[in-house]
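Residue numbers start from 1 in every chain, and the chains themselves are labelled A, B, ... in the order their sequence lines are given, proteins ahead of strands.
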4 protein chains.
Amino acid sequence: MPGNSFGHSFRITTWGESHGKALGVVIDGVPAGLELSEYDVQKDLNRRRPGQSEVSTPRSESDSVEILSGVIDGITTGMPVSMMVWNKNAKSSAYDYIKNIPRPGHADLAYTEKYGIRDHRGGGRSSGRETIGRVAGGAVARKLLSQKGIDVFAHVAELGGIKAKPLSFDEIRRNVDSNVVRCADTEAAEKMLAKINTARTEGDSIGGIVEIIATGVPAGLGEPVFGKLDADIACAMMGIGAVKGVEFGAGFECAGMKGSQMNDALILSNGKVTPESNQAGGITGGISTGMPVVCRIAVKPTPSISKSQKSVDMGEMKEIDVEIHGRHDPTIPPRMVPVAESMMALVLADHMVRSGRIGPDSLL
Amino acid sequence: MPGNSFGHSFRITTWGESHGKALGVVIDGVPAGLELSEYDVQKDLNRRRPGQSEVSTPRSESDSVEILSGVIDGITTGMPVSMMVWNKNAKSSAYDYIKNIPRPGHADLAYTEKYGIRDHRGGGRSSGRETIGRVAGGAVARKLLSQKGIDVFAHVAELGGIKAKPLSFDEIRRNVDSNVVRCADTEAAEKMLAKINTARTEGDSIGGIVEIIATGVPAGLGEPVFGKLDADIACAMMGIGAVKGVEFGAGFECAGMKGSQMNDALILSNGKVTPESNQAGGITGGISTGMPVVCRIAVKPTPSISKSQKSVDMGEMKEIDVEIHGRHDPTIPPRMVPVAESMMALVLADHMVRSGRIGPDSLL
Amino acid sequence: MPGNSFGHSFRITTWGESHGKALGVVIDGVPAGLELSEYDVQKDLNRRRPGQSEVSTPRSESDSVEILSGVIDGITTGMPVSMMVWNKNAKSSAYDYIKNIPRPGHADLAYTEKYGIRDHRGGGRSSGRETIGRVAGGAVARKLLSQKGIDVFAHVAELGGIKAKPLSFDEIRRNVDSNVVRCADTEAAEKMLAKINTARTEGDSIGGIVEIIATGVPAGLGEPVFGKLDADIACAMMGIGAVKGVEFGAGFECAGMKGSQMNDALILSNGKVTPESNQAGGITGGISTGMPVVCRIAVKPTPSISKSQKSVDMGEMKEIDVEIHGRHDPTIPPRMVPVAESMMALVLADHMVRSGRIGPDSLL
Amino acid sequence: MPGNSFGHSFRITTWGESHGKALGVVIDGVPAGLELSEYDVQKDLNRRRPGQSEVSTPRSESDSVEILSGVIDGITTGMPVSMMVWNKNAKSSAYDYIKNIPRPGHADLAYTEKYGIRDHRGGGRSSGRETIGRVAGGAVARKLLSQKGIDVFAHVAELGGIKAKPLSFDEIRRNVDSNVVRCADTEAAEKMLAKINTARTEGDSIGGIVEIIATGVPAGLGEPVFGKLDADIACAMMGIGAVKGVEFGAGFECAGMKGSQMNDALILSNGKVTPESNQAGGITGGISTGMPVVCRIAVKPTPSISKSQKSVDMGEMKEIDVEIHGRHDPTIPPRMVPVAESMMALVLADHMVRSGRIGPDSLL
């Protein structure tokens, strides 16, 4: 059944497999009148791209985006924006040895059960390369949001058990891309890097936590019962591969708190009623409060590890040990930063349009 | 914008406010041929109902459900099933003093920002009474799932900082309703109860964690990219009031784990390939694996507390101190158990129909 | 599968059967701040109601509507508006003789094939009574549209082969409810009435054409490819029972025309570019032009006739002759007028909200 | 707002403009296990292509389709199928003279009103070239339907006032592609051709009627109230550019008929209850009856004519006379045949999957 579209009023449809001909996205619902160039999209794709650093896979994918429709003279026309990246660096034969062997921690077995057929080449559509479409779509969402003063950014808050110390939003924004781990606390980043190197040496991998923040979000986004802003963001985040948990504001900490600790007091500030603190993470009752939206996601360790693991050869139906070779990131969070930002931007752009704060037809 | 429907192929639309005339749900997509009586629905509503015990509000709401359509001679016809509960016990005047005062931790301010008008009577639609429609819809979903051997149950896994010890699914099922806290670990339940009583005495409230489990879920449910089963469940759970986090399987623990710990090995069992463990919580790549689905949600402390809090009188636009009186649960998780079960059942029923495992038109 | 909701941004979900307990509608997406009373809805339901005149069934249904949610102090709150009408006058036993006999021209056989079970009492959900929810929803849509100067009205343009002469919109508006046929050409109305009486005497029924007009529709409504305004209206109209055709502007006449006749010339009028004529029926390329939207629908003769017809007793699986007794309109168009108006109003309200011309959250 | 997707369970999203870089479609919801090659799609695109004959525009577009995803070794995988055609033959400068002049009968003015910007090059997205995505998607739908014995075909039933005589389905299927008019009545085809030539000589254009037939459609497709099969088909057909009317079975003729003429008697045939005739056009109460689905659409004359017409230069805001030059079909119906077939196939494929008659995940 269809499951490759996301959003209501600002909607992306993504397509493509890791080792297919190409990957892409169609964005429907981009209002006319937005300035949009391939460079706007390319710069986010470059942040997503592998081969950027020692912590990510050494594959070198150029991932050069082409805008195929919806833009004339650098301005969107209100028509769907189709964008595409050709696959170039695919070595499908490297995956032949696991054609019949579902990899532990991967979706291989689940796909086989569901479809009766599985594209084993580089993980097919379950590959991280699938996120190209999300990031390309997110880049357009981000451009649209920037017109209304909304800024979305993310950083690695924890990796391999090392927690970053709390920093101001400005510090996070400034530092996040200063190191390959995308951790704004540079000291913690050093330790995280050491953890990554140890994991790689051991043929293992490590998990972490990514925090996504949106500032400038106006109060009033989100529908009260089933289209809650946090529910839509949770859906967006949990829909990224390798994410196993999502929380807002105080998050799971709230389970051990008292109401008097958790509730954000309401005060007058510049003649406006506003929360004094932000335990809520910018959303109460599913509706944005005007405070920054703060969301954290738990990212599991890369499932592809070269350590020996138990699996089953489904051709011969016998148990075997398997080692996953190839070019894999020893940890996912640093590369997930632009992906999670994109998903946040997509949800916010959708709600900005849904609520009429951005006109659905035209900015002109 | 519409935000009161949930689900694609099995869909509920809920309506009604805490102190309005009535609350209800329309379920669209119930296949013909399901035996359905008001009793099937009433028994879940009774578990949701306040006034059941010392830990929940002493309001006594009879919440007697009426089936208005879609059933003939105790059998569904494929037509929408409309169900309703009349509001009887509403004392709206008790809320007059907060007509202009948004309650900290509540959605009051956000609603005012969004709609320019707010139904202050008992929280209006942001009240916990809104869940009546979800539970009534969930009861039908549950009935449908039971035909395919799927069982959904939940329990309080942590409350006020007290953690229940790990128990087998059978123990959980057997014990969960044996105490008012809905904690299957009866010893922990005692301690939780003490925490509740302390909080009540202090005019405060406590949070906790609810775990929801679904057994018998076949492999292959969930769409690979944007309709992932865990994304849909996360959306469902985060869409319940007071939930601030959701996780599956190892959840946030995975951030500190290695790939070799997190990955579930694959083995042969009765001639079938199956995970040996369930760190994944029954879902990989967004698709069910055939293992039990295990989800945990963080529930914040009840925002209505009688302790004095800062807020603003929006009539006079001046800061004031407010104490929230009235009949409120000092903790939410025990009553959230049937609500969370309902949301899980709704997602699973939807995916069973979406995937053709349950015929969308008729069971006959 | 779900098929009881209509609209995207302004959406109704209807429920209920002819002889069930009640019928109703939930409207989701009504912006806060609209004045709404039961009278607003009742007056349209009264126009739909049977027993109004000699041309409609003598059943006397009071069809008294109750608003159950979404309104406080006569103002909508942005929450779903649930409305209901109790069924009172149902004589289900009168339908026992056709329990196993699908009526020619009715949906009986199709329902049986689809669901394996059929609510035979008064046609169940395939009855014309199903339109109560549409008309109640349409009344709210109409109220919303009137705030923007949009007026929707319909009239019987042809009945039993008698065509009404062309009249101005003002004449149509003024005269349409002046006679029981709802034909604004009073002379033609006389002849239509005679045709109805002849049909009734013969135990037969007659068809006709209803024309629906919307004035004040701004230019720019409708999405260019798949959400075309005329496509959505066609869907709405063809979704009314007994409608077998729909056309806009010149409609089927265009098949015999030349481009130079069909094209509406563009001129300057009060400094605005506007079509000089309206062959297009107010829509080109799926987008409203600012001219009145003009749509016509073909309505088949009432399928329930007392003349003997061939059918099959599906209990005994043998062919039989059947005469349909009971209280049936000898012709449908007069009562379809308010239903078709409602469907037009629902589409227009949806597009007004979708396009941001009416704020989705609040009018306040 | 998004308006470039069509279908629920089998859904296409189309993109691209007449003179943009490329046009394409993403099909979401194709079950795994369908054999699919570029040839399957190309053969339908070839039937749609201009430059095929004297009755269509002399542009020679190769329109060579590429499948970019969702297929491995000639078999669909359940992943979205993305297909694309590059634009090659675009002479955009030929449209410079109408950059500020909305063409009568076209969507130019409506687009300008809606978006504030318009892609004037070859009509942009309002061009007939937009249907490439529909036809490519329809080809896959058709392939899927053929697995269940459903066949969709169309023919020109009337052109320039010349009506084809009634022919059997077999004759239509056999003859439809035997002449450039796509009229199965070869004698009428001759006369239609003469009408086309006259119109061309006069710098004018002519309209017509296309009839679309689907055989092998099982009983039970369609939702009873708002997802009626005929409503969905009407939406599909009216969503094709230049269509001004749609009817089923007896269609507008029913307005002049009596119930005893319109109703299809029900008889026993091979032990099955079935309609004796097909006035209903294969659908009653919105649900297929098992009889062939028969639909007719009114197609307006090509709006681009070289005869002088009144319009407005929106740069200088003054009235002018305009002659539309360039390569235009003098009549649309012959080329609409494959487009209308595609839309019918898309609706039927969607309903086959929605109803579970075709498994949504896999044919394997």
Side-chain angles (χ1 to χ4, degrees), chain A residues 1 3-4 6 102 104-105 107 109-110 113-114 125-126 158 161 204-205 207-209 219-220 223-228 230-231 234-235 238-239 244-245 247-248 251-252 254-260 262-263 265-266 268 273 284-285 287 289 298 300-303 305 307 310-312 319 354, chain B residues 1 3-4 6 102 104-105 107 110 113-114 125-126 158 161 204-205 207-209 219-220 223-228 230-231 234-235 238-239 244-245 247-248 251-252 254-260 262-263 265-266 268 273 284-285 287 289 298 300-303 305 307 309-312 319 354:
Chain A
M1 224 190 116
N4 297 280
F6 185 81
L109 180 61
E113 297 271 7
K114 186 175 183 72
R125 187 134 173 85
S126 74
E158 185 182 326
D204 216 331
S205 61
I209 290 176
E223 305 306 326
V225 174
F226 291 121
K228 283 184 165 142
D230 42 2
C235 184
M238 198 67 75
K244 299 302 287 181
E247 61 177 15
F248 292 85
F252 273 86
C254 79
M257 291 165 72
K258 298 201 166 168
S260 53
M262 178 67 194
N263 287 350
L266 297 171
L268 270 176
V273 188
T284 53
I287 303 174
T289 62
K300 71 176 185 179
T302 320
I305 56 176
K307 267 195 169 167
K310 286 198 276 187
S311 185
V312 175
E319 299 190 342
R354 274 157 88 160
Chain B
M1 224 190 114
N4 298 282
F6 187 82
E113 297 271 6
K114 187 176 183 73
R125 184 129 175 88
S126 74
E158 186 182 325
D204 216 330
S205 62
I209 289 176
E223 305 306 326
V225 175
F226 291 121
K228 283 184 165 141
D230 40 2
C235 184
M238 199 66 74
K244 298 303 287 182
E247 60 177 16
F248 291 84
F252 273 85
C254 79
M257 291 165 71
K258 297 200 166 168
S260 54
M262 178 68 195
N263 286 349
L266 296 171
L268 269 176
V273 188
T284 54
I287 304 175
T289 62
K300 73 175 183 180
T302 320
I305 56 175
K307 266 195 171 169
Q309 299 178 91
K310 285 199 276 186
S311 186
V312 175
E319 300 191 340
R354 275 157 86 159

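- In plain terms, the two heavy atoms of Pro301(A) and Met257(B) that are nearest each other are CG-O, 3.1 Å.
- With rounding to the nearest 0.5 Å, the separation of NZ in Lys300(A) from CG in Asn263(B) is 6.5 Å.
- Contacts of Ser126(A) with chain B are absent, with no heavy-atom separation under 4.5 Å from either backbone or side chain.
- Note: Phe226(B) leads Phe226(B), Phe248(B), Phe6(B) in heavy-atom pairs under 4.5 Å with chain A.
- Looking at Ile305(B), the atoms closer than 4.5 Å to chain A (heavy atoms on both sides) all sit in the side chain, from C-beta outward.
- Interface check for chain B: of the options Ile209(A), Asn4(A), Val312(A), Thr289(A), the most heavy-atom pairs under 4.5 Å are formed by Val312(A).
- Using a 4.5 Å cut-off between heavy atoms, Leu109(A) touches chain B through its side chain atoms alone.
- When the candidates Met262(A), Glu247(A), Lys244(A), Arg125(A) are compared by the number of heavy-atom contacts under 4.5 Å with chain B, Lys244(A) comes out ahead.
- For the set Ala107(A), Gly285(A), Gly3(A), the count of heavy-atom pairs under 4.5 angstrom toward chain B peaks at Gly3(A).
- Between chain B and the residues Gly161(A), Gly239(A), Gly227(A), the most heavy-atom pairs under 4.5 angstrom are made by Gly239(A).
- Of the two parts of Asp204(A), only the side chain, counted from C-beta on, holds a non-hydrogen atom closer than 4.5 Å to a non-hydrogen atom of chain B.
- Here the closest heavy-atom approach between residue Gly245(B) and residue Phe252(A) is recorded as C-CE1, 3.6 Å.
- Interface remark: Met1(A) contributes backbone and side-chain atoms alike to the contact with chain B (heavy atom separation under 4.5 Å).
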Run the side chain to side chain contact (heavy atoms under 4.5 Å, CB included) check on Met238(A) and Met238(B) step by step: do they pass? CA-CA 11 Å; Met238(A) 198 67 75; Met238(B) 199 66 74; over 6 Å; no
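- For Lys310(A), the parts lying near chain B are the backbone and the side chain together; criterion is any non-hydrogen pair under 4.5 Å.
- Within the 4.5 angstrom heavy-atom criterion, only side-chain atoms of Glu158(A), from C-beta onward, approach chain B.
- When atom types are taken as modelled, the side chain of Ser311(B) and the backbone of Leu266(A) share no donor-acceptor pair closer than 3.5 angstrom.
- For Lys228(B), the part lying under 4.5 angstrom from a heavy atom of chain A is the side chain only.
- With a 4.5 Å cut-off on non-hydrogen atoms, Gln309(B) touches chain A through its side chain but not through its backbone.
- Per-residue counts of heavy-atom pairs under 4.5 Å with chain B were compared for Gly220(A), Cys254(A), Pro303(A); the largest is that of Cys254(A).
- Chosen from Pro102(A), Gly259(A), Gly105(A), Ala265(A), the residue pairing most often with chain B at heavy-atom distances under 4.5 Å is Gly259(A).
- Checked by atom type and distance alone, the side chain of Lys114(A) never pairs as donor or acceptor with a backbone atom of Pro224(B) at under 3.5 Å.
- Using a 4.5 Å cut-off between heavy atoms, Lys307(A) touches chain B through its side chain atoms alone.
- Listed for the Glu319(A) side chain is a donor-acceptor partner under 3.5 Å among the backbone atoms of Leu268(B).
- Note that the SG atom of Cys235(B) and the CG atom of Asp230(B) stand 12.0 Å from one another [nearest 0.5 Å].
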